[in-house]
Protein chains: 2
Amino acid sequence: MSRNNAGLSAERIIAEALRIIDGMGLRSLTMRRLGDALQVEAMAIYHHFPLGKEQLFGAIVEYISDPGRAAGEAAPPDGEDDGAAEEPEADARPWDERLRDWAHDYRAALLRHSGALPLMIHRRPDTATALRSTELHYAAFAEAGLAPASVPAAAAALDSYVVGAVVHQVRSEGLPSREPAAIDRRFPTVAALRGTGPGPDHAFTTGLDALLRGLCGGPG
Amino acid sequence: MSRNNAGLSAERIIAEALRIIDGMGLRSLTMRRLGDALQVEAMAIYHHFPLGKEQLFGAIVEYISDPGRAAGEAAPPDGEDDGAAEEPEADARPWDERLRDWAHDYRAALLRHSGALPLMIHRRPDTATALRSTELHYAAFAEAGLAPASVPAAAAALDSYVVGAVVHQVRSEGLPSREPAAIDRRFPTVAALRGTGPGPDHAFTTGLDALLRGLCGGPG
DNA sequence: ATCCTAGACTTACCGTGTAAAGCCGGTGGA
DNA sequence: TCCACCGGCTTTACACGGTAAGTCTAGGAT
C-alpha cells in the first residue's frame, strides 16, 4: 500500500481541496499542495480528475451546492448510508417555510466556503443537485399561488438574493483596500447611519422576508 | 518615443485589460499578453501598478463600479471634463426612480464586464466610488420613509439583489457542464415551466419591483 | 557637456498545470 | 506456477506565468 493504492478518492480530494481553499484562499490551491496534503504526488489527482483542475473546480462547486452534504458535513460520519430512505416524499411544511429553510441552508453553505465563490460564477447550474433546488423553488412558488408565468422569475429572484447577500457580506468583510475613502461630509447619510444596522444574519432575514412578501403579495 | 515613453497610462492599461477579459476571459489576462496588446513589454506595466497584478485587479474593479464611467464609456471621449459641474446637487427625482435607475445602470455595467465578476467578490467596496452608491441608497430609503435602523439592511438587500441577479444570469448562460442532468420526471414542475418565464431583463425588473415593494411597504 | 531621473526594456528565477512514460502490486486465466 | 494485464501512483519533462533585479534611453536640469 506504500507506493500504489494510497486510498485516494474524489471525495477525499474535494474535501481536502476545500480545506485548503477555506484556510488559505483559492489562489493557494495548487495541485502540488493538494497532493502534499493528501500525501500523494500531484499527478495522482489526475487519475480521479483526468480533465484536470477545471474538472476539480466543477466537482467542488457541485459539492458545495449539495444541500444534503451540508447536513452531514458537521456531523461525524456514522458509517452506513440511509439506504432506501432516498425519496423526497413531498415535504408537507408550508411553502414559505420550505423556501426560508432552503435559503438559510444555502447561505450557510456558501458562507462556509466563501473562498470558492469565484468558481461558481461561470458554471451553469445544470447538475441534478441544482435542478433539485429549482424544482423545490418552482413547486413552492406555485403552491404560494403565483401564476405559472411568474414562477421562474420569482425563483430566479430568490436565488439571486441569496447568492448576492453572501457576496455582499463577503465583500464587506474583505481586507480594506490600500486607500479606503474616508467617510466624511461627502457621505452624510452613511456617516449618520454607520454601524446602526443589524448584523448580517438579521439583515439577511429581513431582506428575505421583504423579497418573499414582495413576490407573493400580501403581508405574509 | 520608440523605446521608452510609449504613452502608457493606468487608464489605457485598465481599458486594455478589460478588453482582454471581456473577449478571452479572466484566465487569459496575463501580464505578457496585456503588454503585447499595449505594444509594450510586460514589465512596463509594473511602473503604473508597482504592486503587481493584484493592484491592477483592484483598479479594474473600481473602474467597473464607477457609474460615471459607464455613461461615458459608450459615448466618444469629447475631450474636456465638465469642470465645475461636479457636485451631485441633490437629485430631485422620486426616490424609487433613483434606485431603479441605479440598479439598471449597475447591472448593465456588471453584465458588460461579467468576466471580471470573480475579482469583485473578495474586495471591500470602501472606495469613494462605492461609498457614493451607498450614500445614494441610504438617502433614497430614508426618503422613502424607512426607519433609520432599517435603512442599512434595505440598502444591503438592494445591492445583494442586483449583484446576485447578474451572477444568476451569467451562471445560467455559462457553458453546459460535461454531464448535465436531464430534465425528466424527477423535476416535474421544472419540466412544465421550462422556458415559459420572461427573459432575464424583464425578470430582473420584476424581482426588483418585488424587492422594493417588500422593503418599503405598500403596493408601490 | 554632464548628470539625473522617469519610464521602458532585458534577463532570470521559481512556481504552476499537465503531458507522457515508468513502475509496482494485485488479479485472472493458462 | 507463470505471465499478461491493468489500475493507481510516481517520475520526468516542458511551456507558461508573475515578478525581482538590473540595464538602457531620452529629455530636462545644472
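In what follows, chains are A, B, ... by sequence order, proteins preceding strands, each numbered from 1.
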Rounded to whole Å, the CG-P distance (A/Leu34 to D/dC9) equals 13 Å
Sequence neighbours excluded, the answer for side-chain hydrogen bond (donor to acceptor under 3.5 Å, both in side chains) partners of A/Ser114 is none
Salt bridge or not for A/Asp101 and A/Arg93, using N-O below 4.0 Å?
yes
Numerically ordered, the residues 46-61 of chain A set in heavy-atom contact under 4.0 Å with DNA chain C is A/Tyr46, A/Gly52, A/Lys53
Between CG of A/Leu29 and C1' of C/dT18 the distance, given in whole Å, is 15 Å
Of the listed C/dG17, D/dG17, C/dC9, the closest approach to the B/Arg33 side chain comes from D/dG17
**Request:** For A/Leu175, look at atom CG and say whether over 12 heavy atoms of other residues, nucleotides or ligands are found less than 6.0 Å away.
**Result:** no
In whole angstroms, the gap separating C1' of C/dG7 from CD of B/Gln39 amounts to 17 Å
- Query: Any side-chain heavy atom of B/Met24 sitting closer than 4.5 Å to one from B/Arg33?
  - Reply: yes
Rounded to whole Å, the CD-P distance (A/Glu41 to C/dG22) equals 18 Å
When A/Met31 and B/Ala42 are each assigned the nearest nucleotide of DNA chain C, the 5'-most assignment goes to B/Ala42
Side-chain atoms of B/Met43 come closest, of C/dA8, D/dG18, C/dT10, to C/dT10
Shortest non-hydrogen pair, B/Thr127 vs A/Ser177, comes out as CG2-OG, 4.5 Å
N/O donor-acceptor pair, side chain A/Arg32 with base C/dG15, under 3.5 angstrom | no
Sequence neighbours excluded, the answer for side-chain hydrogen bond (donor to acceptor under 3.5 Å, both in side chains) partners of A/Arg194 is none
From CD1 of B/Ile45 across to C1' of D/dG17 the rounded distance in Å is 13 Å
Between CZ of B/Arg27 and C1' of D/dC16 the distance, given in whole Å, is 13 Å
